[in-house]
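Below you'll find the structure, written out as structure tokens, and then a few comments.
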Amino acid sequence: MGEIEEANRKAMDILLQAKPVLKGIGVAGKDIPGMTKTTILHAGPPIEWERMCGPMRGAVMGALLYERMASSLEEAEELAASGDITYEPCHHHQTVGPMAGIVSASMPVWIVENETHGNRAYCTLNEGLGKVLRYGGLGDEVIQRLRWMEGTLAPALARALELHGDIDLRTLIAQALEMGDEGHNRNRAGTSLLIRTLAPHIASVAESPAVASEVLGFLAANDHFFLNLTMPAAKCSLDPIADIPGSTVVSAMSRNGTEFGIRVSGLGGRWFTAPAPEVDGLYFPGYTADDANPDIGDSVICETAGFGGFAMASAPAIVQFVGGSVDLAVNSTREMYEITLAEHPFYRVPVLDFRGTPTGIDVRRVVETMIPPVINTGIAHKDPGVGQVGAGLVKPPMTCFEDALRAFADERSS
Amino acid sequence: MKKIRIRKGVYCDSVRLLLLSREMGDLDGVDRAMAAMATPTNLEILGQLGWSLEEIGDVAENDLLAAVDAADERTLDAAFQWLETRLKERVSGTGKGYHPRTLRTAVADAPSANLVQISIPGAYAFREAKRALMNDKHVMLFSDNVSIEEEVALKDLAGDRGLLLMGPDCGTAIINGVCLGFANVVPRGPVGIVAASGTGAQEISVLLARGGIGVSQLIGTGGRDLSRKVAGRAMRLGLRALAADPETEVMVLVSKPPEPEVAERILTDAASCAKPVIVNFLGENPDRITRGNVRGAGNLEEAAQLAIQAAGRRAISLGEGGVPALVEQERSRLKPGQRFLRGLFVGGTLADEAMLLLKTELGTLYSNSPVPGCTLLVDSSVSRGHTVLDLGADEFTVGRAHPMIDPTLRNFRIVEEAMDSEVAVLLLDVVLGYGSHADPAGATAGAVEEARGMARKDDRDLVVVASVCGTEGDPQNLDEQEQKLRDVGVRVFASNAQACRFCRELLRSGHAEDS
Amino acid sequence: MQRILDLFSQDLSVINLGLEGFGDALTDQGVDVVQMDWRPPAGGDRDLMKILDQMEE
């Protein structure tokens, strides 16, 4: 008695005091620790090529084409399976990636720093909707866009950021939550706030008005651009609690499209996994549940840090994905207070009288109540090369939490 | 046939439109439907899906497109109309309907809550009751099947923290005039009650009310409190609380016969109070209880009368006049050979009281839960001779609601007893108040009519006697309930003791005639 | 014991854990009630409950 409480108090102090700040844009191969030319990072818990789902395989092949390590799909597939490529979870390299989460050496990455603790997190730039690499989208347009992002978008944003200086993401996320976003599946406000902040500088650093227009147009066309900043913001907030002996706080949740996995602070780097669940959601015209891949992506780091589905009450429009009402949105957030240890001091929910968002999932409380964390997510097509087919809500498998609790008890008794 | 309609300048959230598209596609006769803003992408998709874009003319991105593919014109119109209606709907709500899943959250949501009422399965009750106490909440623990060790642990915890723990297996309480569990609406007043028996406490509070006097607090302890192991922990704490409560002038303690050493300790406590204490330990000789400020009462009715006197009021007659004439009148229904009483009780303490009042007069008296001097009815599904049944006993309530809530079992038994040609009188209790069935008298009356019908087929009749434990303030309405019973020829009394005395007279004179 | 006397002088405010009918009866009497949506801890799994109790907060 007391030991766990003490450890959890420590973990929550660290998590709640985190101050994620956008520092700039780097290159994966240079900036991400442990990255090599032949490393490919992926979403979720560790997985080998053989067990990867369709969209993740598609994204890996796309990345090999983009890196010019292969010149055709056939070559890419051969190389991917050859054993010459090192596959590692983003999570093992201070990185997070939405959906397939594929990161290769040449990709530009956001650099976000938790200024309270001094640690960093990385994430690629969001490609937009439709046929895109993170959904396993393949084809020239995907590769062309990635090259344009590397050659035009990233340099422009990097210079604009230099001119503007660091951006306090904690404040930006807090504002977005008060404007109808939840920071995971709805990022319209956050993206708008980011554009508003950077636009004057983009205009002044761009080589030509045409480039400025191109860059700003790209940002404006993509509601989810800000997602790739909320994710590393969450990641660098959580990493400092990754290994606090005795703490039952969930430090990471993630999916690779084959498995759902969680990590618990007091159990360090161990992953507790179970088959990835299906997403309950709405499909874009022409698609059905039969087309869907099981749940995938690192983006559930948002919920782990206390927003996303946990801040659903801030973004009632989201529940319509599952045919829900505003009441459902509000009650979803209220239910998350049952399984969390604190209310976030900066992220607040207007409709709940500006109560702080439920933050810090306690694995004990999840098992006690059998309330699964509520997660908002996009739905990827199960075949490589197609892209997003819908969006909805997903419930993680309870066995991850039960197994973690049992492991915790074993560790304590030994 | 495929058709597109345009609504100019209507903005709708894209997610909502996806949802509406799906629902519209599910309408009868609709093959495919899409509601979307008129963006270039959406127009392209519509084109690919085979809708003709020529007819729609110039559109902008803030125009709403509704595209439907349906069997005929009428279905198309209906689908468009459906969409119009849905677009006008407002989605609203603030999550007021949230019900906390854990006590932790409930306590956080309602920090001013001062009492937790628990009626979950006994196996989980200890855990939750302990948490409530640790959160400094008083507890009404309705659940049964809590082990005696857990009961002791909870009562010690409550005692240490100075909190009220009523139960486990506490059916009745009235705190600050509010009925908890099974309780009657009585006025507030000077009499404080601590009760280890639920219906006993209900009967006393009702008789006090009928006598024109109210209740300060009615504290339940649970039925096992006066056992050797629990040692009256809750009754002693309740007694101390009421002794210190300025609103309470007179105290009443009620229980089944306690363990002698427990009784002695409680009576010692009671004798050291500065207030009058009336004690009814059912079946115990009142003279052995009476000492100083402590007065023993022989039954529930007497306990109420003594409390009224002790509070300085004159006992009001409960209307038992003219009994001999009534006995004659009822006896005329019976034929020679009809000689047995069958008491069918929903209140356990009322059954006990009936046995105590009747056993001397009737000789052998059977029961599923006999008081000393009565005989155990081995097969409680078949009555024999004179029988008094507690239908709320565990053997009858496994897998079904208590008979105070669900009258089915007693109704069945009323009819069954009527088929026995040796039965003369049915003795019943009808308990009103919160927690009880919404119309117990109505339910009983139906069964009584059916029972009479059965007897008449056999050219007999029956005497049916009932006491109604209830007040004018109860949700069921006392007057109406009594009238429903009288309407089917039930002889109605204001207390169980009166009803028992009436039966005693009836059977005594009947017996005299036989011999 | 002072807490019990305090209770006697306060308005009753109840958390109802279990049968909704008991909560409704209180609402009818004008009492503030929080009705819980209680379910067995750990879905009724005895082993997990035991572990949870050992790790009790």
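Below, chain A is the first sequence line, B the second, and so on; all start at residue 1.
Around atom CG of B:Asp58, no more than 12 heavy atoms belonging to other residues, nucleotides or ligands sit under 6.0 Å away. Crowding of B:Arg127 atom CZ: a count of heavy atoms from other residues, nucleotides or ligands under 6.0 Å exceeding 12. By the 6.0 Å contact criterion, CD on A:Glu214 is enclosed, its count of non-hydrogen atoms from other residues, nucleotides or ligands being greater than 12. Open room surrounds CG on A:Asp140; 12 or fewer heavy atoms of other groups in view lie less than 6.0 Å from it. Open room surrounds CG on B:Asp28; 12 or fewer heavy atoms of other groups in view lie less than 6.0 Å from it.
At least one donor-acceptor pair closer than 3.5 Å links the side chain of B:Arg101 to the backbone N or O of A:Thr369. At least one donor-acceptor pair under 3.5 Å links the side chain of A:Glu338 to the backbone N or O of B:Thr102.
Interface remark: A:Phe284 contributes backbone and side-chain atoms alike to the contact with chain B (heavy atom separation under 4.5 Å).
The OG1 atom of B:Thr105 sits 10.5 Å away from the CE atom of A:Met336 when rounded to the nearest 0.5 Å.
With respect to the salt-bridge test (charged N to carboxylate O, under 4.0 angstrom), the residues A:Glu368 and B:Arg104 qualify.
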*asked:* With side chain to side chain contact (heavy atoms under 4.5 Å, CB included) as the criterion, how do B:Tyr98 and A:Glu335 come out once you've worked through the C-alpha distance, each side chain's angles and the decisive distance to 0.1 Å?
replied: CA-CA 8 Å; B:Tyr98 186 74; A:Glu335 199 168 53; 3.8 Å; yes
